[in-house]
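Written below as structure tokens is the structure these notes are about.
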Amino acid sequence: MSKSVKCYLECCKSSHPKIQLPHNLPVLIGRMPELAVTDKMCSRNQLELTANCQKKYVLVKRLGANKSQINGIDIEQNKSSRLEEGHELHIVNGKYPHQIYFTDENTDTKAQKSTISSSRIQTEKADISSKESVHKRQKVTSKTKAKKAKITLKENDSPSTDSVYTFNSPDAGTLSTQKLESKNTSRIPEKHHWSQGLRASMSDAELIVLEDEKLVVIRDKFPKAKYHWLVLPKEGISSTKNLTFENIDLLQHILKVGKEIANEVTDEDIAFRFGYHAVPSMSQLHMHVISQDFNSPCFKTKKHWNSFTTDYFVNATDIIQELATDGKVQDRKKLTSLLNAPLKCHRCKELQKNIPTLKKHIQKCCIVL
DNA sequence: GTTCTAGAAC
DNA sequence: GTTCTAGAAC
């Protein structure tokens, strides 16, 4: 599997073609033409990037004297931080933003032929297996063609994992023979807990569907239905428990925009719900806009199902009503037990043995209705 | 032997 | 939130 997954470093400002990061081989980047970085504040060996294509992250070790950042957090010199898809890496002093992404080369070709649509909303379909990477690949490929990429990676003489990849360019020439000193293999704790991922996603251009001065709408990274978006306020609000009377207008606006997005869907017989999880896992208030087909490969577990089809899913109108009445949203921690409730069809309420059986059932049940 | 789930790890 | 995987269920 790892052979087919490839990792790429992409400039957020499209200043240079994408760069492939080989699995488990350190790559040195910094002040060099290939990155379009001429800033003297940037070392020629500013960062060492080591991709893990199996687990889909890149370890970023800062070698240069000046600061580099992941999602605005400084990376300490000679220490490694974990960079994941959706994170933003600034190569030096908050400049030169880059992101990484992974592609499964085997699935891209097939998807490229079938999934591109002219309608914006159509492109939001939960065609998960390959679509996201297709978009990225198309975008980057066109850039690459336009600029006639000349970047090649040159492997050192040193064997396998102890070798350092660097760019075969005049500026970087002296680096090509550099051997990596004894590798610091100790894993540095992540700067960001997984629960902060949504905040990063809010600025991910690949996920953003629309935004205004108050909110951002993004595609859910792991949609649980054919259509699944998240509407998030730009204001830092962790969850519904932090809401007050003052937020009623904001929540009404969030709901209005969510409904507008859903209204753009032209599929027949597709219903939507708009609401919040009783006890959300991810920080930053987010309203789900989710179609009721639950037809998605990312819908896998009982917890997924029950979080959208039991009282654990709280209608946005109920939240707004509670705020209007009480000035706060009631504590629903006790509803967490609903996540383990027996699997039940959300339409006919028939009990289902397991997830595969439920999936088959709801396909038929949705068609009937 | 294969499928599926649930809990640990991240 | 997801991924991984041991062990239960089939």
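Fair warning: this is a prediction, and the values are worked out from it, not measured in the lab.
The closest side-chain donor-acceptor pair between A/Ser68 and A/Gln46 falls under 3.5 angstrom. Under the 3.5 Å distance criterion, with hydrogens and angles disregarded, no donor-acceptor pair is assigned to the side chains of A/Asp204 and A/Ser201.
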Can you pull every protein N or O that's under 3.5 Å from an N or O on nucleotides 6-10 of chain C?
none

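Here the C1' atom of nucleotide C/dG1 and the CD atom of A/Gln284 are 15 Å apart, to the nearest Å. The interatomic distance linking A/His228 (NE2) with C/dT2 (P) rounds to 10 Å, in whole Å. The distance from atom CG of A/Asn354 to atom C1' of B/dC4 is 7 Å, rounded to the nearest whole Å. Rounded to a whole Å, the CD1 atom of A/Ile355 is 10 Å from the P atom of B/dC4. Atom CH2 in A/Trp305 sits roughly 19 Å away from atom C1' in C/dG1 (whole-Å rounding). Rounded to whole Å, atom P of C/dG1 lies 7 Å from atom NZ of A/Lys224. Atoms CD1 (A/Ile290) and C1' (C/dG1) sit 14 Å apart, rounded to a whole Å. Atom-to-atom, CG of A/Leu358 to C1' of B/dC4 comes out at 14 Å; the value is rounded to the nearest Å.
One finds a side-chain N or O of A/His304 lying less than 4.0 angstrom from the OP1 or OP2 phosphate oxygen of C/dT2.
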Please output the side-chain donor-acceptor pairs of residues 248-258 of chain A that fall under 3.5 Å, not counting sequence neighbours, one pair per line with the distance.
from, atom 1, to, atom 2, distance (Å)
A/His253, NE2, A/Asp212, OD2, 2.6
A/Lys256, NZ, A/Glu260, OE2, 3.3

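Listed by chain and residue number, A/His228, A/His277, A/His286, A/Phe308 satisfy the ring-ring contact (aromatic ring centres under 6.0 Å, His included) test with A/His288 (two or more places apart in sequence, or in another chain). The salt bridge (charged side-chain N to carboxylate O under 4.0 Å, His left out) test applied to A/Asp39 returns A/Lys95, not counting sequence neighbours. In this structure A/Glu350 satisfies the salt bridge (charged side-chain N to carboxylate O under 4.0 Å, His left out) test with no other residue, sequence neighbours excluded. For A/Asp326, there are no salt bridge (charged side-chain N to carboxylate O under 4.0 Å, His left out) partners two or more places apart in sequence or in a different chain. Scanning for salt bridge (charged side-chain N to carboxylate O under 4.0 Å, His left out) contacts around A/Arg273 gives an empty result, with sequence neighbours left out.
Using a 4.0 Å heavy-atom criterion, one finds that A/Lys300 contacts the sugar-phosphate atoms exclusively. At a threshold of 4.0 angstrom between heavy atoms, the contacts of A/Leu198 with the nucleic acid are absent.
Judged by ring centres under 5.5 Å apart and planes tilted less than 30 degrees, A/Phe222 fails to stack against the six-membered base ring of C/dG1.
Counting only heavy atoms from C-beta on, A/Pro356 has its side chain closest to B/dC4 among C/dG1, B/dC4, C/dT2.
Chaining together hydrophobic side chains whose heavy atoms lie under 4.5 Å apart places A/Leu335 alongside A/Val279, A/Tyr312, A/Leu338, A/Leu339.
The stretch residues 275-283 of chain A comes close to DNA chain C through A/His277, A/Pro280, A/Ser281, A/Met282, each having a heavy atom under 4.0 Å from the strand.
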